[in-house]
Structure formats: structure tokens, C-alpha cells
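Take a look at the structure below.
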Protein chains: 2
Amino acid sequence: MVKDNLFTSYLKKDGLKITNQRINILKCIKLFKNHFNAEDVYEYLKKNLKEVSRASIYRMLPLLKKDGIIKEVGRDENDKIIYECVENVPHHDHIVCIKCGKIIEFKNEKIEKLQNDICMQYKFKLLEHNMELKGICKECLKREKKNDIN
Amino acid sequence: MVKDNLFTSYLKKDGLKITNQRINILKCIKLFKNHFNAEDVYEYLKKNLKEVSRASIYRMLPLLKKDGIIKEVGRDENDKIIYECVENVPHHDHIVCIKCGKIIEFKNEKIEKLQNDICMQYKFKLLEHNMELKGICKECLKREKKNDIN
DNA sequence: TCCTTAATTGAGAATGAGTTTCAATTTCAA
DNA sequence: TTGAAATTGAAACTCATTCTCAATTAAGGA
Ligand SMILES: [Mn+2]
Ligand SMILES: [Mn+2]
Ligand SMILES: [Zn+2]
Ligand SMILES: [Zn+2]
């Protein structure tokens, strides 16, 4: 029923059946430039493409993660899992504001190099890493100062 | 009712009242050498000290985190928040083997310095960080090679 | 194209970690 | 000792995620 296209290769690779739901979820995720959660996918599909059940979305996201198409970034303030599409996106790490949830992306080659060096010392084969710097962003610091005029 | 002791300073620092429940939770956490979750605290207290309600434990852990006595390490397989006591424990990061689960602790001052530099650039107030290097440990690599004699 | 079958879907129920409520209890400063 | 204010705990609640299962659908072979 569904024609082969750019997206089906991910599904076939895992021996998954090509369904409209899965294609729509894949399309949706590729459109997100920023971080997203399961509900974001649900809302986007509801508004813009055919509706897909939450169950199918929650089933699909771990599969996409296993295939390296998306990556778990952390949790938002409502404890929802935050994902990001990492296909064709260069690796980067995150600075996260604990006040407003804002995420700054950065990459530092020196740190990446040091990480490799450390693992070499332990004869450890480094496959991936997560680095999250948590604190308070510029804007929230400014707001805090204003409110501190008690 | 409760005599001042080693533990009360944490509570007083935050203007919290010194209750037996809080003292018991503090005592318990200091006994854990490894990672723990809220349920571990509940079970330990139930068996070894006076029982404390889950509500009080769930209320206490974020306070202890805010005071830098414990640290959120991640989530376990049941999605429970994993903590570790970081008082009198020098900061370190983790190398985690995805095969056997082994954890190597390390600290690299150069990386710590670079992390600070990066946050300064963004005028971001760095409060804490998590860095986890994931891959395969020396021993597991050795075992894999042996088994690869197919 | 038509069948067969196993995978997939989705509505709704269930799960479970963590939070909140509120009456009873406790702390602690005065 | 007293009393205002904080704390406690049982139970209800929240809500992200998972599960159930009957109905639907993909896909390969006839
Ligand atoms: Mn990112
Ligand atoms: Mn550690
Ligand atoms: Zn912020
Ligand atoms: Zn290992």
C-alpha cells in the first residue's frame, strides 16, 4: 500500500513493517529542529499529518533510539523524556538551565580529545558519552537579581 | 526532644526543624556507599531504624540535593531517580561499561576547567555537571575477542 | 490479485514514581 | 510551659509511560 521512500530504510533495517503511522512519526521527527518529547510528536501529527495514537509513538521512540536516529537528551520539568534527532546532526553536549529549562548546545574538541585520552588509559573502548552542565542561564540570573531587590 | 549531633547542622543551615524522621533519613543516606533510590532509603529505615513515610523521604531527598549532600546520578531500569552521597566524596565522573555495568571513577582537572570556561562564555552559572563515558571495558573487550573465534 | 498470517494499531485500562492534601502531631522560640 | 508554625503520614492524586486485546493491516506466496 505504502510506496518505498526515503524513510522506509530505517524500518526495513529492523525488519519492521512499513506503516503509515511509522512513516508519519519519522517524517515528524525529521522536521523538529530542536529537542522534542513524545507529546510534541503527538500534537504535531494531530495538527499536520494523520493522527497517530500515543501508544504507537511511545512504541516507536525506543526503536528509533536503538537505531541511532534519535537520542535521549534528558528529562523536562514534567519528567517527560527529551529526545533529539541525531541523524546528520554533529555530536554536541548540553548546558541546561534548572530554572527555565533552556538548553544551550556546544561542542568542545579539547574535551572530546581528553575523554578519548582518559579511556585509552583504561583500555576502555569509548562508544558514546553524555555531558550535561547544569546551572542557571544568563536570563534567569538577571531575573533573580531583579527580584532580589527586597 | 532530639539532641544536637553531627547531622543537625544540615537541617539548621536550611532553617529546617530537626525531626527524628529527618535525622534517620540523613543517617541512612550516610551509610550507603553506593548509589541508592528513595525506595532503598524506605526499606533500610523500615528494617533498621524507625519507620519513616515515603512522603517524608520524597520530601527530604530534593532538600539534601539542594544542599549538596546528595547528587542525582541518573535513573534506574524502573525509572527511579538514582542518588549518591557526595559529602566528603571528591567530585568525579564515570566511565560505564555497557556490557558488564562496571563503573570506573575518574577526575580530570583539564576537563573541569574547560567546562567552566565554556559556561563563562555563555554567562551561565555552572552549578553541577554529569559526564558519563559509555563503552566497553578492558575485560569485556578481551572476552569478546575470545568469543569471536567463530 | 487473493489469501493467510503474523505484526501492528489504538482505545482504554493499568502501572508506578513522585506529589499533594489535610488533620494530627511535633518542634522550638519566647 | 505555651502556641504558632512546621512537619508528618495515610491516602488520594497526577500523569508519563506501558500494557491489553480485539480489530486492522502489511507483505509474501499462491
Ligand atoms: Mn541537542
Ligand atoms: Mn561515583
Ligand atoms: Zn534559565
Ligand atoms: Zn565490562
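Order of the sequence lines fixes the chain letters, A, B, ..., with proteins taken first and strands second; residue numbering starts at 1 for each chain.
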- What's the CD1-C1' distance between B:I18 and D:dA6, to the nearest Å? 13 Å

- Query: Closer to the 5' end of DNA chain C via nearest nucleotide, is it B:L16 or B:A38?
  - Reply: B:A38

- Note on the structure: From NZ of A:K17 across to C1' of C:dA7 the rounded distance in Å is 4 Å

- Just how far, in rounded Å, is P of C:dG16 from CG of B:N37? 14 Å

- Residues within residues 47-78 of chain B bordering DNA chain C, heavy-atom distance below 4.0 Å: B:A55, B:Y58, B:R59, B:N78

- Task: Apply ring pair (Phe, Tyr, Trp, His ring centres under 6.0 Å) to B:F124 and list each qualifying residue two or more places apart in sequence or on a separate chain.
- Result: none

- In whole angstrom, what separates A:R22's CZ from C:dA7's C1'? 8 Å

- Item | Between B:E128 and B:H91: side-chain donor-acceptor atoms closer than 3.5 Å | no

- Note on the structure: Taken to the nearest whole Å, CG/A:N20 to P/D:dA26 is 6 Å

- Query: Separation of A:L45 atom CG from C:dT9 atom P, in whole Å?
  - Reply: 12 Å

- Message: By the 4.0 Å heavy-atom rule, please label B:K80 as base, sugar-phosphate, or nothing.
- Response: sugar-phosphate

- Query: If only side-chain N and O atoms of B:Q21 are considered, is one of them under 4.0 Å from the OP1 or OP2 phosphate oxygen of D:dG9?
  - Reply: yes

- Message: Output the rounded distance in Å from CG (A:D79) to P (D:dC15).
- Response: 12 Å

- Query: Taking the six-membered ring for Trp, are A:F32 and A:F36 parallel (under 30°), tilted (30 to 60°) or perpendicular (over 60°)?
  - Reply: parallel

- Check: B:I136 and B:E144 side chains under 4.5 Å, non-hydrogen atoms: yes

- After noting the C-alpha distance and the side-chain angles of A:H129 and B:E132, does the key distance pass the side-chain hydrogen bond (donor to acceptor under 3.5 Å, both in side chains) rule? CA-CA 6 Å; A:H129 73 260; B:E132 204 176 52; over 6 Å; no

Which pairs of donor and acceptor atoms, one on a side chain in residues 57-66 of chain B, lie under 3.5 Å apart (sequence neighbours left out)?
{"from": "B:K65", "atom 1": "NZ", "to": "B:E72", "atom 2": "OE2", "distance (Å)": "2.9"}

- Could you state the CD1-P distance from B:I23 to D:dT7, rounded to the nearest angstrom? 13 Å

- Kindly indicate whether the side chain of B:H94, heavy atoms from C-beta on, has any atom under 4.5 Å from the side chain of B:M131. no

